[in-house]
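Just below is one structure, and these are the notes that go with it.
In what follows, chains are A, B, ... by sequence order, proteins preceding strands, each numbered from 1.
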2 protein chains.
Amino acid sequence: MINYKLLTNCPIFKGINEIELKSLINQIHYQVRIHKKNDVVAIAGDPVKNLYIILSGSVKGEMIDYSGKTIKIEDIDAPRPLATAFLFGKENTFPVTVTASNDVEILSIPVGEFLNLLQKNKHILKNYINNISSRSQFLSRKLQFLSFKTIKGKMAHYLLQQAGTHLHSVELNTTQQQLAELFGVTRPSLARVLAEMQDEKLITIERKTVRLLDKGELGKIIHHG
Amino acid sequence: MINYKLLTNCPIFKGINEIELKSLINQIHYQVRIHKKNDVVAIAGDPVKNLYIILSGSVKGEMIDYSGKTIKIEDIDAPRPLATAFLFGKENTFPVTVTASNDVEILSIPVGEFLNLLQKNKHILKNYINNISSRSQFLSRKLQFLSFKTIKGKMAHYLLQQAGTHLHSVELNTTQQQLAELFGVTRPSLARVLAEMQDEKLITIERKTVRLLDKGELGKIIHHG
DNA sequence: CTGAAAATGTATCAGATGTTACAAAATGAT
DNA sequence: ATCATTTTGTAACATCTGATACATTTTCAG
C-alpha cells in the first residue's frame, strides 16, 4: 500500500496534494518492490528503465573499486527518487551499486509511463526538469572548482568567493588541514602556497584573518596558477 | 522569417517534420532577436528566462572547459540551442558571457511557453530531457575521472571500466587526444603513461587494441598512482 | 597508389606538488 | 600559569605532469 501523504513530500511530486497524486498514480502502471536489508537493489551498469522512488526505508549507493573494497557514495531515504539523472540521456545505466540499508519499499514507474505523467501534470514536469537541471548545475560548479589546476588558483578562488564583492578580508573558520582536504591537497603544500602568496603581497594572514591585498591579481591567478 | 527546415535539425526538435514544427511554433509566443557581430547577447549572471535557439550565424561563450585548464571559447552555431541546462533548476543564470561571432538571429521562447511545448509534444519532451540528462551524465563522468589523482590511475580505471568483468582487452574508439581531454591531461603525458604501463607489463597496445595483462595490479594502481 | 594531414612516440626541461621530518607557535584544559 | 596537544612554518628531496619540439607512423581523400 502506498503512503500517498509521504509521497507528496517527494521532490518530484512537490506542489501536488494527496488526492490529486493518488488519482495520477492510479492512472498509470507501476510496481512496488520490497527488498530486505542488505539486498542488492541494482548493480552498477544495470539499465535504468524505471523511475524509482523510495517509499519506506533507505538505500545506499556504493562503488566497488577494483581491489574489492566498497566505497559509500550516498544515502537515499524515503521519499526521495533514485538515479533520476540516469533515466534519460545517452547512458541509461546505474552509476553505482544500490543496496538496501534496511528493509525498503520502492515504487517503480516504467519510463514510458513516467513520460505520460510528465505530459499530464505540469507540476511533475517542472519538478523533474528542475531536479535534473539543478543536479547538472551542481556538478558544473563542482567541476569548475576542481578545474583550477594549481593550489594557488584554488585558494584565490576560495578567498574571492568567501569575500564576495565588497569585503577585503576573510575569516577562516577551518584549520589548514581541513582546507587542504577540501582542496584535495596535502597540508604542507597548502602552507607553502599561503607563504608564497604572502611573499607576493597578494594576502596577509594574521591568526585566522586573511586580508586580500590585491583582488585584481587574485582574480588573474585563478586560471593560470 | 524562421527557417523551419533548418530548425528541424535542432537537437530539441529532432524527429519532428517541418510542417508539424511550423504548426507547433505558431501556437506559442516567441520572438526573433537580431544581434550584430560582436554584440553581447547575454552577460554571465543574467537570468535565463527564455529558451534560445540560434537560427542563423553563431555565438561564442567564454567558459571554463571541462577537461580542465583555462578559459576557452565555445562556439555555438545554428541551429543549436543555448544554455539549455540553465533554463530550469535552482540557478537560472547564464554561466558565461555570450557574444555574437557574426550577425545572428536568435529564436527566443519564454520558459512558460516552452513548458507548454513540452507538454504538447512528446518528441520535444524526450529530446529536451535527453539533452539535459546527457549533459548531467557527461559532467558526472568527468568528475569521476578528476577524482583519481594520477594519470595512471585514471587510465587504469578507464580500462577496467571498459573491459568489465569478463573481457581482457579493450578497443579504443577514441584518439589519444580525445582520451587526454577526457582525463583533463595533455596528450604527451598520456602517451608517456601508456608507454610506462607497457614497460611494467600491465598492458600491451597494438593499434587500437589494449590488452589488459594484469587486472589485479591495474586495480591496485587506481587509488595510489 | 600517393601525398597531405592526423595521430602517435619520444625527449628534454621547468614547475608544482607530495613526502617526510622536525621545530615553533598557538590552543585549551586543569 | 603550565603542560600536553594541536596547529602551523619550513626545509630537502622525489615524483608527476605540463610545455614544447620533433620524428615517425597511420589514416584517408583524391
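- The distance between atom CD of Q177(B) and atom C1' of dT27(D), rounded to the nearest whole Å, is 17 Å.
- The closest side-chain heavy-atom distance from N130(A) to K90(B) is not below 4.5 Å.
- Ion pairing of K152(B) with E196(B) is present here, as a side-chain N (NZ or NE/NH1/NH2) and a carboxylate O approach within less than 4.0 Å.
- One atom, CD1 of I151(B), and another, P of dA16(C), lie 17 Å apart when rounded to the nearest Å.
- With dG18(D), dC16(D), dT8(C) as the choices, the nucleotide that has an atom nearest any side-chain atom of K208(B) turns out to be dT8(C).
- Here dA19(D) is the nucleotide among dA19(D), dT7(D), dT8(C) with the atom lying nearest to any side-chain atom of T186(B).
- Remark: C1' of dA6(C) and CD of Q176(B) are 12 Å apart, rounded to the nearest angstrom.
- Under the 30°/60° scheme for interplanar angles, the aromatic rings of F114(A) and Y128(A) are found to stand perpendicular.
- Side-chain contact between N102(A) and S58(A): present, with at least one pair of heavy atoms (C-beta onward) separated by less than 4.5 Å.
- A distance of 3.5 Å separates OG1 of T209(B) from CD of E171(B), quoted to the nearest 0.5 Å.
- Remark: P188(A), S189(A), R192(A) in residues 187-198 of chain A come within less than 4.0 Å of DNA chain C through at least one heavy atom.
- At a threshold of 4.5 Å between non-hydrogen side-chain atoms, the residues Q176(A) and L194(A) count as touching.
- Between the CE atom of M155(B) and the C1' atom of dT17(D) there is a distance of 17 Å, given to the nearest Å.
- The CZ atom of F183(B) sits 12 Å away from the P atom of dG18(D) (whole-angstrom rounding).
- The distance from atom CD1 of I205(B) to atom P of dA7(C) is 17 Å, rounded to the nearest whole Å.
- Rounded to a whole Å, the CD atom of E181(B) is 18 Å from the P atom of dT17(D).
- Summarising the geometry, the separation between CG on N173(B) and C1' on dT27(D) is reported as 16 Å, rounded to the nearest angstrom.
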